Amino acid sequence: TSFTKKLLTPQPPPSINAATNGGGNSQGDSSYFLPGATVATILMLGALHARRMYDDKKHEEMREKGIELEFQPDAKASFLRLLPLRSISRCWGQLTSMEIPVWLRPHVYRAWARAFHSNLEEAALPLEEYTSLKEFFARALKEGSRPINADPQCLVSPVDGTVLRFGELKGAGAMIEQVKGFSYPVFSLLGASSLLPTAADINVQEEHTESITTTEKSKKSWWRVSLASPKVWDPTSSRAKRGLFYCVIYLNPGDYHRIHSPADWNILVRRHFSGHLYPVNERATRTIRNLYIENERVILEGVWQEGFMALAAVGATNIGSIELGAFNMG
Amino acid sequence: STVVLIFQAPISKLLQEGDSSQEFNFNVKCGDRIRVGEALGRWHSS
């Protein structure tokens, strides 16, 4: 706090009797040294930011021309593998959990909001009440900020973010496209013991429903639900065939970072995979192989009215921990 | 951070083997901004 205040208050110009202050020239030099280092750091950060903005602009132009960037590992991605990202993330977590003085909090959070395009109006609490950046980052929103789509036949988004990929998973080796030119198996993301229905399961499910509808039309039994396997029998939709779909949503640092249920579903399995903490930004998806499989993640699996549902929350360097659950008082 | 959602949803019964005509339709595009509670896609009972 004292260092910040010293920076913000104008320094008196060195005067002719600086020597008489007993500090001599060395005292004057040291007072110049600190601002010099700060200016150098700011200039370096500025240069890096300018380079980043230039790259982003170039990619944006390519995207507008409809040219999709392909998967291309590069030296920076390999260099990331050498960095102690878990330790860096842990330090970042400790730094952001430091208590900020009350008078400084609005300034810090507004700066964050300006940098990452956050909407501060939606925050549930006044800015002064978030003791640390970590607490502000995991903030709840005001009541009614996120109305849920009332259409009973729609699936809603569980998070705020940007849709990266979506589509239908077909065939036994269902693959999700990470970026053009590279895909990863969905079983690797969810884990070998996943409840994910395979094509064979789905066919058995169809035969099962058809045999029931033809042979026992008159004697329907509600008790024919078998919890021992992922086959879910629901007579109301037994006439419809089911496909498997996926959607990948990226949350940027300024987005609201709480995860909600995409539908009324029953979670059967929670699974945690410890792993790397690579960044998951757009550049990383194009340069790091199996990014979502190698990164730390939490998997929730269960069933909803239309069958199987799974949600994978993938961590990143600045998101080193994912809460699995919490006990609330009352 | 990133969230990957994988789910089953109805597709049309009148399928020819090998291709599918979807009943469930996404109503987003790549690059779209989306918020909690907004529809990702919907299906129509046939």
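The basis for the numbers below is simple: all heavy atoms, side chains too, and nothing from hydrogens, waters or symmetry mates. Chain letters run A, B, ... following the sequence lines, proteins first, then strands; residues in each count from 1. Predicted model only: the values in this text are computed from it and were never measured.
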Visitor: For A:Phe245 and B:Phe7, take the angle between the two ring planes, folded into 0 to 90°, and tell me which bin it lands in: parallel under 30, tilted 30 to 60, perpendicular over 60.
Guide: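 Parallel.
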Visitor: Heavy-atom cut-off 4.5 Å, strictly under: side chain, backbone, both or neither for A:Asp255 against chain B?
Guide: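 Answer is side chain: those atoms of A:Asp255 sit under 4.5 Å from chain B.
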Visitor: Taking atom CD of A:Glu60 as the centre, report whether more than 12 heavy atoms of other residues, nucleotides or ligands fall under 6.0 Å from it.
Guide: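 Atom CD in A:Glu60 is packed in, count exceeds 12.
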Visitor: With a 4.5 angstrom heavy-atom cut-off, which part of A:Pro152 approaches chain B: side chain, backbone, both or neither?
Guide: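 When you check distances to chain B, only backbone atoms of A:Pro152 fall under 4.5 Å.
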Visitor: So which residue, A:Val314, A:Asp151, A:Leu155, A:Ile259, ends up with the most heavy-atom pairs under 4.5 Å with chain B?
Guide: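 Ranked by heavy-atom pairs under 4.5 Å with chain B, first place is A:Leu155.
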Visitor: Among A:Leu291, A:Leu189, A:Val280, A:Asn252, which residue has the highest count of heavy-atom pairs closer than 4.5 Å to chain B?
Guide: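 Answer, by heavy-atom pair count under 4.5 Å with chain B: A:Val280.
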Visitor: Under 4.5 Å, counting heavy-atom pairs only, tell me which of A:Leu251, A:Leu141, A:Ile148, A:Asn149 racks up the most with chain B.
Guide: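 If we count pairs closer than 4.5 Å to chain B, A:Leu251 comes out on top.
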Visitor: Please identify, among A:Pro147, A:Pro158, A:Ser145, A:Gly161, the residue contributing the most non-hydrogen atom pairs under 4.5 Å to chain B.
Guide: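 Between A:Pro147, A:Pro158, A:Ser145, A:Gly161, the count favours A:Gly161.
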Visitor: Give the member of B:Ala39, B:Cys30, B:Ala9 that has the highest number of heavy-atom pairs under 4.5 Å with chain A.
Guide: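 Maximum pair count with chain A is reached by B:Ala9.
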Visitor: Do A:Ser194 side-chain atoms and A:Leu190 backbone N/O form a donor-acceptor pair below 3.5 Å?
Guide: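 Flag not set: sc A:Ser194 to bb A:Leu190 has no pair under 3.5 Å.
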Visitor: For the candidates A:Val186, A:Val248, A:Ile249, A:Leu311, which exhibits the highest count of non-hydrogen atom pairs separated by less than 4.5 Å from chain B?
Guide: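 The answer is A:Ile249.
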Visitor: State whether A:Arg258 and A:Asp160 are salt-bridged, where the test is any N-O pair (Lys NZ or Arg NE/NH1/NH2 against Asp/Glu carboxylate O) under 4.0 Å.
Guide: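 A:Asp160 and A:Arg258: not salt-bridged.
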Visitor: If only side-chain N and O atoms count, and only distance matters, is there a donor-acceptor pair under 3.5 Å linking A:Trp265 with A:Ser261?
Guide: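 Yes, A:Trp265 and A:Ser261 have a side-chain donor paired with an acceptor closer than 3.5 Å.
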Visitor: Please determine, among A:Tyr292, A:Tyr250, A:Phe166, A:Tyr256, the option with the most heavy-atom pairs under 4.5 Å with chain B.
Guide: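 Looking at each option in turn, the highest pair count goes to A:Phe166.
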Visitor: If you count heavy atoms of other groups shown closer than 6.0 angstrom to CD of A:Glu61, is the number above 12?
Guide: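 Enclosed.
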Visitor: Hey, could you give me the CZ/CD distance between A:Arg242 and B:Gln8, rounded to the nearest 0.5 Å?
Guide: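 Taking CZ in A:Arg242 and CD in B:Gln8, the distance rounds to 5.5 Å.
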